[in-house]
K.L.:
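After the C-alpha coordinates below, expect a handful of questions from me.
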Amino acid sequence: MKELRHLINITDLSIEEISHLVEIAEDIIDNPENYQEACAHKKLATLFFEPSTRTRLSFTAAMMELGGNVLGFDQAASSSTAKGESVSDTIVMASCYADIIAMRHPKEGAPFVGAKAATVPIINAGDGGHFHPTQTLTDILTIHKKFGRMENLTIGLCGDLKFGRTVHSLIEAMLRYEGVKFVMISPEELDLPGYIKESMDEAGIEWKEVRSLEEAIPELDVLYMTRVQKERFFNEEDYIRLKDSFILKRNMLRPAKEDMIVMHPLPRVNEISVDVDDDPRAAYFFQALMGKYIRMALILFMLGMK
Ligand code: CP
(Lines give C-alpha, C1' and ligand atoms only; values in the text may rest on other atoms or scores of the structure.)
Protein backbone atom coordinates (compact mmCIF):
# COMPACT_ATOMS: atom_id res chain seq x y z
CA MET A 1 0.00 0.00 0.00
CA LYS A 2 1.24 3.52 -0.84
CA GLU A 3 2.44 5.55 2.16
CA LEU A 4 0.03 8.35 3.11
CA ARG A 5 1.93 11.64 2.97
CA HIS A 6 1.08 15.01 4.48
CA LEU A 7 2.65 18.44 4.10
CA ILE A 8 2.77 20.04 7.54
CA ASN A 9 6.20 21.68 7.45
CA ILE A 10 8.26 22.55 4.38
CA THR A 11 10.95 20.15 5.68
CA ASP A 12 8.51 17.31 4.92
CA LEU A 13 9.71 17.79 1.33
CA SER A 14 13.29 17.13 0.24
CA ILE A 15 15.11 19.64 -1.94
CA GLU A 16 14.74 17.18 -4.83
CA GLU A 17 10.97 17.00 -4.31
CA ILE A 18 10.75 20.80 -4.20
CA SER A 19 12.67 20.98 -7.51
CA HIS A 20 10.28 18.37 -8.93
CA LEU A 21 7.28 20.52 -7.89
CA VAL A 22 8.86 23.62 -9.47
CA GLU A 23 9.40 21.66 -12.70
CA ILE A 24 5.78 20.49 -12.75
CA ALA A 25 4.52 24.03 -12.05
CA GLU A 26 6.66 25.46 -14.84
CA ASP A 27 5.34 22.80 -17.23
CA ILE A 28 1.76 23.67 -16.17
CA ILE A 29 2.48 27.34 -16.93
CA ASP A 30 3.83 26.43 -20.39
CA ASN A 31 1.34 23.65 -21.26
CA PRO A 32 -1.90 24.21 -19.27
CA GLU A 33 -3.93 22.18 -21.80
CA ASN A 34 -2.12 19.00 -20.70
CA TYR A 35 -3.54 19.30 -17.17
CA GLN A 36 -7.18 20.30 -17.73
CA GLU A 37 -8.61 16.88 -16.88
CA ALA A 38 -5.83 15.60 -14.62
CA CYS A 39 -8.00 15.63 -11.48
CA ALA A 40 -11.37 14.81 -13.04
CA HIS A 41 -13.62 13.18 -10.39
CA LYS A 42 -11.19 14.13 -7.58
CA LYS A 43 -12.25 16.38 -4.70
CA LEU A 44 -10.26 18.87 -2.64
CA ALA A 45 -11.64 19.95 0.76
CA THR A 46 -10.56 23.46 1.82
CA LEU A 47 -11.08 23.67 5.58
CA PHE A 48 -10.29 27.25 6.59
CA PHE A 49 -10.74 27.99 10.29
CA GLU A 50 -9.01 31.35 9.74
CA PRO A 51 -9.53 34.04 7.04
CA SER A 52 -7.75 33.85 3.69
CA THR A 53 -7.93 35.32 0.23
CA ARG A 54 -4.95 33.99 -1.72
CA THR A 55 -4.38 30.58 -0.21
CA ARG A 56 -7.99 29.41 -0.30
CA LEU A 57 -8.83 30.93 -3.68
CA SER A 58 -5.61 29.71 -5.30
CA PHE A 59 -6.18 26.18 -3.97
CA THR A 60 -9.74 26.38 -5.33
CA ALA A 61 -8.60 27.74 -8.71
CA ALA A 62 -5.81 25.13 -8.83
CA MET A 63 -8.22 22.21 -8.37
CA MET A 64 -10.71 23.71 -10.84
CA GLU A 65 -7.98 24.13 -13.49
CA LEU A 66 -7.07 20.48 -12.96
CA GLY A 67 -10.67 19.52 -13.72
CA GLY A 68 -11.47 18.54 -10.11
CA ASN A 69 -14.04 19.70 -7.59
CA VAL A 70 -13.78 21.66 -4.35
CA LEU A 71 -15.83 21.57 -1.14
CA GLY A 72 -15.26 23.04 2.30
CA PHE A 73 -15.80 26.03 4.54
CA ASP A 74 -14.13 29.41 4.88
CA GLN A 75 -14.71 30.08 8.58
CA ALA A 76 -14.93 27.95 11.69
CA ALA A 77 -18.29 29.54 12.51
CA SER A 78 -19.95 27.92 9.50
CA SER A 79 -18.69 24.43 10.42
CA SER A 80 -19.58 22.17 13.36
CA THR A 81 -16.50 23.54 15.14
CA ALA A 82 -19.01 26.15 16.34
CA LYS A 83 -20.86 23.30 18.10
CA GLY A 84 -17.67 22.02 19.73
CA GLU A 85 -16.45 19.43 17.21
CA SER A 86 -12.73 18.65 17.53
CA VAL A 87 -10.17 19.15 14.76
CA SER A 88 -9.62 15.38 14.63
CA ASP A 89 -13.31 14.60 14.13
CA THR A 90 -13.65 17.31 11.47
CA ILE A 91 -10.72 15.79 9.58
CA VAL A 92 -12.11 12.25 9.86
CA MET A 93 -15.34 13.58 8.33
CA ALA A 94 -13.60 15.50 5.54
CA SER A 95 -11.54 12.38 4.75
CA CYS A 96 -14.86 10.61 4.01
CA TYR A 97 -15.85 13.24 1.47
CA ALA A 98 -12.62 14.37 -0.23
CA ASP A 99 -9.44 12.91 -1.76
CA ILE A 100 -7.17 15.60 -0.33
CA ILE A 101 -7.50 18.33 2.31
CA ALA A 102 -5.99 21.82 2.57
CA MET A 103 -6.42 23.13 6.10
CA ARG A 104 -5.74 26.50 7.76
CA HIS A 105 -6.08 26.97 11.50
CA PRO A 106 -5.19 29.76 13.98
CA LYS A 107 -3.65 27.25 16.43
CA GLU A 108 -0.06 26.11 15.88
CA GLY A 109 0.07 22.34 15.37
CA ALA A 110 -3.61 21.90 14.42
CA PRO A 111 -2.78 20.46 10.95
CA PHE A 112 -0.36 18.03 12.62
CA VAL A 113 -3.20 16.88 14.88
CA GLY A 114 -5.48 16.66 11.84
CA ALA A 115 -2.92 14.57 9.95
CA LYS A 116 -2.93 11.98 12.75
CA ALA A 117 -6.65 11.40 12.13
CA ALA A 118 -6.66 11.72 8.34
CA THR A 119 -6.97 8.93 5.82
CA VAL A 120 -6.23 11.27 2.88
CA PRO A 121 -3.31 13.72 2.43
CA ILE A 122 -3.43 16.87 4.58
CA ILE A 123 -1.79 20.09 3.42
CA ASN A 124 -1.05 22.75 6.03
CA ALA A 125 -2.38 26.00 4.56
CA GLY A 126 -1.04 27.99 7.54
CA ASP A 127 -1.14 27.26 11.28
CA GLY A 128 -1.07 30.30 13.57
CA GLY A 129 2.37 31.88 13.85
CA HIS A 130 4.05 28.58 13.02
CA PHE A 131 4.41 27.47 9.37
CA HIS A 132 2.97 28.08 5.90
CA PRO A 133 4.66 25.56 3.59
CA THR A 134 2.56 26.20 0.48
CA GLN A 135 3.41 29.91 0.69
CA THR A 136 7.06 28.84 0.71
CA LEU A 137 6.54 26.71 -2.39
CA THR A 138 4.91 29.78 -3.97
CA ASP A 139 7.93 31.88 -2.95
CA ILE A 140 10.38 29.33 -4.30
CA LEU A 141 8.61 29.16 -7.68
CA THR A 142 8.63 32.98 -7.80
CA ILE A 143 12.37 33.16 -7.03
CA HIS A 144 13.12 30.41 -9.55
CA LYS A 145 11.10 32.14 -12.27
CA LYS A 146 12.84 35.47 -11.60
CA PHE A 147 16.46 34.29 -11.09
CA GLY A 148 16.54 30.85 -12.69
CA ARG A 149 18.26 29.52 -9.55
CA MET A 150 17.82 29.16 -5.79
CA GLU A 151 21.51 29.30 -4.83
CA ASN A 152 23.76 32.27 -3.98
CA LEU A 153 21.05 34.76 -3.09
CA THR A 154 20.96 37.32 -0.29
CA ILE A 155 17.47 37.51 1.13
CA GLY A 156 16.26 40.32 3.39
CA LEU A 157 13.28 39.44 5.59
CA CYS A 158 11.52 42.51 6.93
CA GLY A 159 8.70 43.11 9.42
CA ASP A 160 7.15 40.63 11.83
CA LEU A 161 9.71 37.85 11.99
CA LYS A 162 8.42 36.57 15.34
CA PHE A 163 4.90 35.55 14.33
CA GLY A 164 5.49 35.51 10.55
CA ARG A 165 4.82 31.90 9.55
CA THR A 166 5.72 32.62 5.91
CA VAL A 167 9.16 33.79 7.05
CA HIS A 168 9.71 30.73 9.25
CA SER A 169 8.89 28.30 6.46
CA LEU A 170 10.90 30.26 3.86
CA ILE A 171 14.01 30.18 6.07
CA GLU A 172 13.61 26.44 6.73
CA ALA A 173 13.50 25.87 2.96
CA MET A 174 16.16 28.30 1.75
CA LEU A 175 18.82 27.37 4.30
CA ARG A 176 19.18 24.11 2.39
CA TYR A 177 20.47 25.87 -0.76
CA GLU A 178 24.18 26.64 -1.29
CA GLY A 179 25.34 30.21 -0.74
CA VAL A 180 22.07 31.65 0.61
CA LYS A 181 22.47 34.49 3.15
CA PHE A 182 19.78 36.13 5.27
CA VAL A 183 19.45 39.68 6.56
CA MET A 184 16.78 39.96 9.28
CA ILE A 185 15.17 43.40 9.50
CA SER A 186 12.71 43.79 12.36
CA PRO A 187 12.03 45.70 15.56
CA GLU A 188 13.70 43.91 18.48
CA GLU A 189 10.33 42.80 19.86
CA LEU A 190 9.50 41.02 16.60
CA ASP A 191 12.81 39.17 16.19
CA LEU A 192 12.86 35.61 14.86
CA PRO A 193 12.05 32.85 17.37
CA GLY A 194 15.11 31.12 18.85
CA TYR A 195 14.35 27.75 17.23
CA ILE A 196 14.59 29.26 13.74
CA LYS A 197 17.90 30.95 14.62
CA GLU A 198 19.15 27.57 15.85
CA SER A 199 18.16 25.95 12.53
CA MET A 200 20.22 28.55 10.64
CA ASP A 201 23.21 28.09 12.93
CA GLU A 202 23.02 24.30 12.63
CA ALA A 203 22.93 24.66 8.83
CA GLY A 204 26.03 26.87 9.07
CA ILE A 205 24.59 29.63 6.91
CA GLU A 206 25.44 33.32 7.08
CA TRP A 207 22.83 35.58 8.67
CA LYS A 208 22.63 38.85 10.55
CA GLU A 209 20.09 41.12 12.23
CA VAL A 210 19.81 44.82 11.39
CA ARG A 211 17.36 47.53 12.43
CA SER A 212 17.49 49.72 9.30
CA LEU A 213 15.75 48.74 6.06
CA GLU A 214 17.52 51.51 4.10
CA GLU A 215 20.96 50.20 5.10
CA ALA A 216 20.07 46.62 4.15
CA ILE A 217 18.55 47.27 0.71
CA PRO A 218 21.71 47.70 -1.45
CA GLU A 219 23.05 44.20 -0.74
CA LEU A 220 19.81 42.28 -1.30
CA ASP A 221 18.68 40.07 -4.19
CA VAL A 222 15.28 39.50 -2.57
CA LEU A 223 13.50 41.85 -0.19
CA TYR A 224 10.71 39.89 1.50
CA MET A 225 8.35 42.30 3.25
CA THR A 226 5.79 41.08 5.79
CA ARG A 227 2.81 42.55 7.61
CA VAL A 228 2.80 43.15 11.35
CA GLN A 229 -0.14 40.86 12.11
CA LYS A 230 -2.76 42.40 14.36
CA GLU A 231 -4.36 39.01 14.95
CA ARG A 232 -1.21 37.63 16.62
CA PHE A 233 -0.96 40.33 19.32
CA PHE A 234 -2.46 39.95 22.79
CA ASN A 235 -2.20 43.68 23.43
CA GLU A 236 -3.51 46.27 20.93
CA GLU A 237 -1.15 48.96 22.25
CA ASP A 238 1.87 46.86 21.23
CA TYR A 239 0.39 46.35 17.77
CA ILE A 240 -0.24 50.08 17.28
CA ARG A 241 3.29 50.91 18.42
CA LEU A 242 4.94 48.36 16.10
CA LYS A 243 2.68 48.20 13.05
CA ASP A 244 4.42 50.90 11.00
CA SER A 245 7.99 50.00 11.98
CA PHE A 246 9.01 49.54 8.34
CA ILE A 247 7.32 51.08 5.32
CA LEU A 248 8.89 50.51 1.90
CA LYS A 249 8.53 53.56 -0.36
CA ARG A 250 9.54 53.78 -4.00
CA ASN A 251 12.41 56.23 -3.41
CA MET A 252 14.00 53.72 -1.02
CA LEU A 253 14.56 51.38 -3.99
CA ARG A 254 17.00 53.82 -5.66
CA PRO A 255 20.14 52.14 -4.23
CA ALA A 256 18.70 48.62 -4.76
CA LYS A 257 20.14 46.22 -7.33
CA GLU A 258 18.38 46.50 -10.70
CA ASP A 259 17.33 42.85 -10.58
CA MET A 260 16.38 42.77 -6.90
CA ILE A 261 12.80 41.61 -6.38
CA VAL A 262 10.35 42.80 -3.73
CA MET A 263 8.20 39.96 -2.43
CA HIS A 264 5.35 39.90 0.08
CA PRO A 265 3.06 36.97 0.91
CA LEU A 266 0.19 39.51 1.15
CA PRO A 267 -2.15 40.84 2.39
CA ARG A 268 -0.31 44.12 2.86
CA VAL A 269 -1.51 46.93 5.07
CA ASN A 270 0.95 49.86 5.15
CA GLU A 271 4.30 48.15 4.81
CA ILE A 272 4.62 48.58 1.03
CA SER A 273 3.51 51.92 -0.31
CA VAL A 274 1.32 51.57 -3.43
CA ASP A 275 3.83 53.68 -5.38
CA VAL A 276 6.15 50.62 -5.32
CA ASP A 277 3.60 48.59 -7.33
CA ASP A 278 4.75 50.08 -10.66
CA ASP A 279 8.43 49.50 -10.00
CA PRO A 280 9.71 46.61 -12.16
CA ARG A 281 11.17 45.04 -9.01
CA ALA A 282 7.72 44.63 -7.40
CA ALA A 283 7.05 40.88 -7.63
CA TYR A 284 4.27 40.37 -5.07
CA PHE A 285 1.30 40.14 -7.44
CA PHE A 286 3.26 37.82 -9.74
CA GLN A 287 4.09 35.82 -6.60
CA ALA A 288 0.36 35.45 -5.78
CA LEU A 289 -0.23 34.14 -9.32
CA MET A 290 2.58 31.60 -8.90
CA GLY A 291 0.65 30.32 -5.87
CA LYS A 292 -1.99 28.83 -8.14
CA TYR A 293 0.50 26.97 -10.34
CA ILE A 294 2.56 25.53 -7.52
CA ARG A 295 -0.61 24.38 -5.73
CA MET A 296 -1.70 22.63 -8.94
CA ALA A 297 1.66 20.85 -8.95
CA LEU A 298 1.36 20.04 -5.25
CA ILE A 299 -2.15 18.57 -5.58
CA LEU A 300 -0.94 16.27 -8.38
CA PHE A 301 2.11 15.27 -6.35
CA MET A 302 0.21 14.62 -3.10
CA LEU A 303 -2.35 12.53 -4.98
CA GLY A 304 0.52 10.43 -6.35
CA MET A 305 -0.23 11.48 -9.92
CA LYS A 306 3.14 13.17 -10.59
N1 CP B 1 -0.34 34.71 1.69
C2 CP B 1 -1.45 34.29 2.31
O3 CP B 1 -1.45 33.30 3.06
O4 CP B 1 -2.55 35.06 2.04
P5 CP B 1 -4.03 34.74 2.57
O6 CP B 1 -3.99 34.91 4.07
O7 CP B 1 -4.91 35.73 1.88
O8 CP B 1 -4.32 33.32 2.21
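Remember, predicted model here, so these are calculated numbers, not experimental data. Atoms within a ligand are numbered from 1 in the order they appear, just like the ligands themselves.
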K.L.:
Are the charged groups of E219 and K181 less than 4.0 angstrom apart, N to O?
P.N.:
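Here E219 does not pair with K181 in a salt bridge, since their nearest N and O are not under 4.0 Å apart.
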K.L.:
Using a side-chain heavy atom cutoff under 4.5 Å and only I, L, V, M, F, W and Y, what cluster partners does L253 have?
P.N.:
V183, I185, V210, L213, I217, L220, L223, M225, F246, L248, M252, M260, V262, L266, I272, V276, Y284, F285
K.L.:
Does the side chain of M302 reach to within under 4.5 Å of the side chain of V120, using non-hydrogen atoms?
P.N.:
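A side-chain contact is absent here, since even the closest heavy-atom pair is not under 4.5 Å.
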K.L.:
Need the list: ligand 1 N/O atoms against protein N/O atoms, distance under 3.5 Å, rounded to one decimal.
P.N.:
| unit_1 | atom_1 | unit_2 | atom_2 | d |
| --- | --- | --- | --- | --- |
| ligand 1 | 1 (N) | Q135 | OE1 | 2.9 |
| ligand 1 | 1 (N) | P265 | O | 2.8 |
| ligand 1 | 1 (N) | L266 | O | 3.0 |
| ligand 1 | 3 (O) | T55 | OG1 | 3.0 |
| ligand 1 | 3 (O) | R104 | NH2 | 2.9 |
| ligand 1 | 3 (O) | H132 | NE2 | 2.9 |
| ligand 1 | 4 (O) | R54 | NE | 3.1 |
| ligand 1 | 4 (O) | L266 | O | 3.3 |
| ligand 1 | 6 (O) | R104 | NH1 | 2.9 |
| ligand 1 | 7 (O) | T53 | N | 2.7 |
| ligand 1 | 7 (O) | R54 | N | 3.0 |
| ligand 1 | 7 (O) | R54 | NE | 3.3 |
| ligand 1 | 7 (O) | R54 | NH2 | 2.9 |
| ligand 1 | 8 (O) | S52 | OG | 2.6 |
| ligand 1 | 8 (O) | T55 | N | 2.9 |
| ligand 1 | 8 (O) | T55 | OG1 | 2.7 |
| ligand 1 | 8 (O) | R104 | NH1 | 3.4 |
| ligand 1 | 8 (O) | R104 | NH2 | 3.3 |

K.L.:
CD of E17 to CD1 of I10: how many Å apart, nearest 0.5 Å?
P.N.:
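Result: 10.0 Å between the selected atoms.
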K.L.:
Side chains of K42 and I299, heavy atoms from C-beta outward: is any pair under 4.5 Å?
P.N.:
no
K.L.:
Take a 6.0 Å sphere around CD of E151 and say whether it holds more than 12 heavy atoms from other residues, nucleotides or ligands.
P.N.:
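Counting other residues, nucleotides and ligands, CD of E151 exceeds 12 neighbours.
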